[in-house]
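Working notes for the structure below.
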Amino acid sequence: MKERVIKLLEKSINSCVEKGLLKEAYIPFIEVEFPREGSHGDYASNIAMVLASSQREAPRKIAERIVGNIDDGDGLLDKVEIAGPGFINFFIKNNVWAVLLKEVDRYGDRYGESNIGNGVKVQVEFVSANPTGPLHIGHARGAVIGDVIANILKTSGFSVSREYYINDAGNQMNMLGESVYYRYLELMGEDIVFPGNCYQGSYITELAHTIREQFGDRFRSDRETAIPFLTRYAADFILEGIKEDLETLGVVFDRYFSEKELYKDDGVSKILQDLQKDGFIYKEADAVWFKTTDFGDEKDRVVIRENGEPTYFAADIAYHLNKYSRGFDKVINVWGADHHGYIPRMQAAIQALGRKKEDLEIVLVQLVNLLRNGVPVPMSTRAGEFVTIREVTDEVGKDAARYNFLMRRSNSHLDFDLELAKAQSSENPVYYVQYAHARISSIMRLAAEQGYPAPGYDEIRPDLLTTAEECELIKLIDKFREMVEGSAKSLEPHRIPYYINDLASVFHSFYNKHKVISDNVELTKARLFLIKSTGTVIKNALRLLGVSAPERM
RNA sequence: GCGCCCAUGGCUCAGCUGGAUAGAGCGUCGGACUACGAAUCCGAAGGUCCUAGGUUCGAAUCCUAGUGGGCGUACCA
């Protein structure tokens with residue numbers, strides 16, 4: 001409907017120009033919005049005010065000319081008003097709204113899809129936690145946000161791939177192997193002091209147990225071969241656990257990319273050599289530096305240390321080059337907010353590789369405070385005390401966990417209260433939306449029993465849907481695609497929970513005021529179609545969030 | 001010190017990239033089940049949008065300077 005209103009404005013402005021009522025000038029993008037206030041109509045445009053300066057005339061005068069030249073051939077408009085400083089307010093006839101529902105009927109499960117992505121290949125990289133320990137609640141938020149961003153982009157016509165980057169090549173890995181080794185020795189009854197910089201979590205001891213059961217004392221005296229083996233064993237084991245945990249959250253990757261792959265065939269140093277030819281690399285004080293300041297970073301960064309070892313950054317440059325050479329037009333990284341200082345150098349790197357700055361987008365996810373009944377749950381990664389993803393999903397369930405992560409803008413801190421998240425009450429927004437869907441399903445079931453199968457658009461009289469509540473509902477349904485597109489463009493998944501919450505609210509109001517199944521056969525069919533459409537949109541939206549749409553609850 | 005993020009009713013948060021009288025949920029108070037699911041609905045109270053300037057027809061939103069909180073400032077990952 002919004003597009004139709006925009007077209008009306010466009011045509012009117014063009015004919016004003018032809019008639020000489022407006023100067024031919026640059027006509028900006030015509031903005032039409034949904035006014036909050038009912039008295040401001042169904043749609044409103046500020047176009048007259050925008051044109052005021054270039055036309056050098058009063059906004060209200062311009063508005064009058066535009067309104068006077070609107071050609072409403074389709075008979076959509078009830079009235080058009082000029083208000084305030086020059087807003088043009090459109091009031092749509094009540095009986096034309098339901099036409100919009102035809103789209104829902106036509107597309108069904110695919111209603112909400114668009115092609116703004118135009119097939120552009122985009123990679124979403126997220127989680128990417130070191131396989132040195134189980135995932136905690138902070139990773140879970142990033143996992144869900146990354147997953148849903150991927151869903152939203154896909155439904156908007158992008159070609160999407162989800163990737164997890166495994167940092168399995170640095171000395172964190174050695175530390176992991178050592179940690180297991182020390183615990184292993186402990187189990188053998190050796191009197192050792194467990195180093196403070198090793199991983200303290202109890203899962204390390206459990207791993208040592210497993211290894212002892214499987215291999216006995218084979219590694220006890222041979223530290224040199226033990227550590228590499230234990231490192232790999234532990235990393236593989238932990239990574240498997242991570243994958244399982246992510247699966248309980250409903251997050252599945254297309255690819256796990258190992259950092260080690262980058263070092264094959266001297267990959268990393270070859271890339272550095274290329275960059276040296278381009279003049280971005282120099283040597284100083286026995287280390288090798290990358291001139292990230294050329295692209296706005298505050299200082300240059302080391303890529304090869306004095307001891308000859310490449311830094312994490314060096315590998316990351318190689319990794320991003322690898323991404324682009326695999327054909328991704330655009331790369332999105334979902335990072336914990338504690339990595340924000342890393343953004344400028346990464347953006348510098350891809351520019352040095354000949355990419356545009358916009359080809360890399362970073363979504364920052366703020367950290368999560370885990371609470372129980374409002375009281376912080378103490379967590380210390382170093383001491384190995386934390387609540388894992390598994391424990392959270394086991395306790396509150398996948399749907400509630402995901403919804404809670406998605407409700408807030410990712411760039412703001414999140415309080416995740418375990419008791420609130422699992423409460424099956426009105427305090428929990430997941431149920432509000434799911435309840436609307438279950439209620440719709442229930443009505444559809446009852447109607448079917450009474451001889452009213454779910455109707456299609458062609459079987460109903462849309463002009464019967466004219467009450468305020470019905471029009472509101474249709475208006476919101478019609479807004480769905482635009483909302484998803486906005487969410488895709490801005491990479492803001494939280495818009496979707498807010499939208500369905502609105503939709504559920506309008507539906508509940510409608511339900512409480514009007515009866516769907518009644519003696520009036522035609523009206524019953526029309527309303528059944530309306531709630532069926534509402535259910536479709538809720539279901540489609542929840543699918544994007546990876547949250548189930550139950551038929552009963 | 002420098003950089004990034006945040007600051008909106010008692011609490012938790014939206015505010016569609018500059019629009020009209022700033023919105024939800026929770027909590028509080030008062031109402032609605034002999035009708036399709038009361039996990040619902042209807043109503044009320046509650047605001048110097050951190051402060052002070054600036055930009056313009058118009059600012060919670062943009063700019064500057066402060067205040068308060070979080071994070072980052074490695075030849076760690």
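So that the names make sense, note that chain A is the first sequence line, chain B the second, and so on, each numbered from 1.
Taking the P atoms as reference points, B/C11 lies 15 Å from B/U28, given to the whole Å. Between B/C33 and B/C42, the two C1' atoms lie 14 Å apart (nearest whole Å). A distance of about 23 Å separates the C1' atoms of B/C75 and B/C71, rounded to the whole Å. Separating the P atom of B/G47 from that of B/A22 is a span of 13 Å, rounded to the nearest Å. A gap of 24 Å separates the C1' atoms of B/G9 and B/G70, to the nearest Å. Nucleotides B/G25 and B/A35 are separated by 26 Å at their P atoms, to the nearest Å. With P as the reference atom, B/C62 and B/C6 are 9 Å apart, rounded to whole Å. For the P atoms, the distance linking B/G15 with B/A60 amounts to 16 Å, nearest Å.
Contact annotation: the side chain of A/I149 approaches that of A/L153 to within less than 4.5 Å [non-hydrogen atoms, C-beta and beyond].
A/T524 contributes a side-chain N or O that, together with a main-chain N or O of A/S518, makes up a donor-acceptor pair within less than 3.5 Å. Using modelled atom types, one side-chain atom of A/N307 and one backbone atom of A/E309 make a donor-acceptor pair closer than 3.5 Å.
Residue contacts for A/A83: at a heavy-atom cut-off of 4.0 Å it reaches a base atom on one of the strands shown. Base engagement by A/E551 is indicated by at least one non-hydrogen atom pair under 4.0 Å involving a base atom. Within the 4.0 angstrom heavy-atom criterion, base atoms lie near A/M553. The residue A/A447 sits apart from the nucleic acid: no heavy atom pair falls under 4.0 Å. Among the heavy atoms of the strands lying under 4.0 Å from A/A438 is at least one base atom, whether or not backbone atoms are also near. Nucleic acid contact for A/A436: none, since no nucleic acid atom lies under 4.0 Å from a heavy atom of the residue. At the heavy-atom level, A/E309 lies nowhere under 4.0 Å from the strands shown. As judged by a 4.0 angstrom heavy-atom cut-off over every strand, A/D300 is placed among residues making no nucleic acid contact.
Under a 4.0 Å N-O distance rule, the pair A/K323/A/E125 qualifies as a salt bridge. In this structure, A/E57 pairs ionically with A/R65, as a charged nitrogen and a carboxylate oxygen lie closer than 4.0 Å. The existence of a salt bridge linking A/E395 and A/K422 is confirmed by a sub-4.0 Å separation between a basic side-chain nitrogen and an acidic carboxylate oxygen.
The distance from atom CD of A/Q172 to atom P of B/A74 is 17 Å, rounded to the nearest whole Å. Distance A/N307 CG to B/A74 C1': 13 Å, rounded to the nearest Å. In this structure, A/L367 atom CG and B/C6 atom P are separated by 14 Å, rounded to whole Å. Taking atom CD1 of residue A/I500 and atom C1' of nucleotide B/A39, one finds them 16 Å apart after rounding to whole Å. Rounding to whole angstrom units, CD1 of residue A/I343 and P of B/C5 are separated by 9 Å. In this structure, A/Y452 atom OH and B/C36 atom C1' are separated by 12 Å, rounded to whole Å. Regarding A/E259, its CD atom lies at a distance of 8 Å from the P atom of B/A77, rounded to whole Å. As a whole-Å value, the separation of A/E298 CD from B/G1 C1' is 12 Å.
Base orientation of B/C33: syn, since the glycosidic angle falls within 90° of 0. Base orientation of B/U17: syn, the glycosidic angle falling within 90° of 0.
Nearest nucleotide to the A/Y511 side chain, out of B/A14, B/C41, B/A38: B/A38. Relative to the side chain of A/R408, the nucleotides B/U12, B/G37, B/C4 differ in distance, and B/U12 lies closest. The nucleotide whose nearest atom lies closest to any side-chain atom of A/L446 is, among B/C36, B/A77, B/C41, B/C36. The side chain of A/Y342 lies closest to B/A77, out of B/C36, B/G72, B/A77. For A/V516, the listed nucleotide lying nearest its side chain is B/C36; candidates were B/A77, B/C71, B/C36. The side chain of A/T311 lies closest to B/A77, out of B/G3, B/C41, B/A77. Checked against B/C5, B/A38, B/C71, the side chain of A/R439 finds its nearest nucleotide in B/A38. Closest approach to the A/K299 side chain among B/C42, B/C75, B/G19 is made by B/C75 (side chain taken as heavy atoms from C-beta onward). Minimum atom distance to the side chain of A/N171 is reached by B/C76, of the listed B/A20, B/C76, B/U40. Taking every side-chain heavy atom of A/Y431 into account, B/A39 is the closest of B/A39, B/C5, B/U40.
Taking the six-membered ring for Trp and the full ring otherwise, A/F290 and A/F295 have centroids separated by 6.0 Å or more.
Contact check, A/H494 against B/G15: a side-chain N or O comes under 4.0 Å of OP1 or OP2. At least one side-chain nitrogen or oxygen of A/R409 sits closer than 4.0 Å to the OP1 or OP2 atom of B/G15. A close approach under 4.0 Å does not occur between any side-chain nitrogen or oxygen of A/R552 and OP1 or OP2 of B/A39. A close approach under 4.0 Å does occur between a side-chain nitrogen or oxygen of A/S509 and OP1 or OP2 of B/C42. Side-chain nitrogen and oxygen atoms of A/Y432 include at least one within less than 4.0 Å of the OP1 or OP2 phosphate oxygen of B/C41. Taking 4.0 angstrom as the limit, A/S412 places a side-chain polar atom (N or O) nearer than this to OP1 or OP2 of B/A14.
The base of B/G19 is paired with the side chain of A/N46 by a donor and an acceptor separated by under 3.5 Å. Between the side chain of A/D502 and the base of B/A14, no donor-acceptor pair of N or O atoms lies under 3.5 Å. For B/G72, the base has no donor-acceptor partner in the side chain of A/H339 [N/O atoms by modelled type, under 3.5 angstrom].
Each of A/H40 and A/A169 was assigned the nucleotide of RNA chain B with the nearest heavy atom; the assignment lying further toward the 5' end belongs to A/H40. When each of A/S442 and A/N512 is assigned the nucleotide of RNA chain B bearing its nearest heavy atom, the one mapping closer to the 5' terminus is A/S442.
Stem analysis of RNA chain B (at least three stacked-register Watson-Crick or G-U pairs, each with both distances under 3.5 Å) gives B:1-5 with B:69-73, B:10-13 with B:23-26, B:28-32 with B:40-44, B:50-54 with B:62-66.
Using a 5.5 Å limit on the distance between ring centres and a 30° limit on the angle between planes, the aromatic ring of A/F87 does not count as stacked on the six-membered base ring of B/G19.
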Q: May I have the step-by-step check of ring-ring contact (aromatic ring centres under 6.0 Å, His included) for A/Y164 and A/F126, ending in yes or no?
A: CA-CA 6 Å; A/Y164 184 124; A/F126 55 110; 8.3 Å; no
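Judged as a salt bridge (charged side-chain N to carboxylate O under 4.0 Å, His left out), the pairs with a partner in residues 79-89 of chain A (not counting sequence neighbours) are, in order, A/K79-A/E81.
In this structure A/N167 satisfies the side-chain hydrogen bond (donor to acceptor under 3.5 Å, both in side chains) test with no other residue, sequence neighbours excluded.
Heavy atoms from other residues, nucleotides or ligands lying under 6.0 Å from NZ of A/K475 number more than 12.
Looking at A/Y282 and A/D300, their side chains do bring a donor and an acceptor atom within 3.5 Å of each other.
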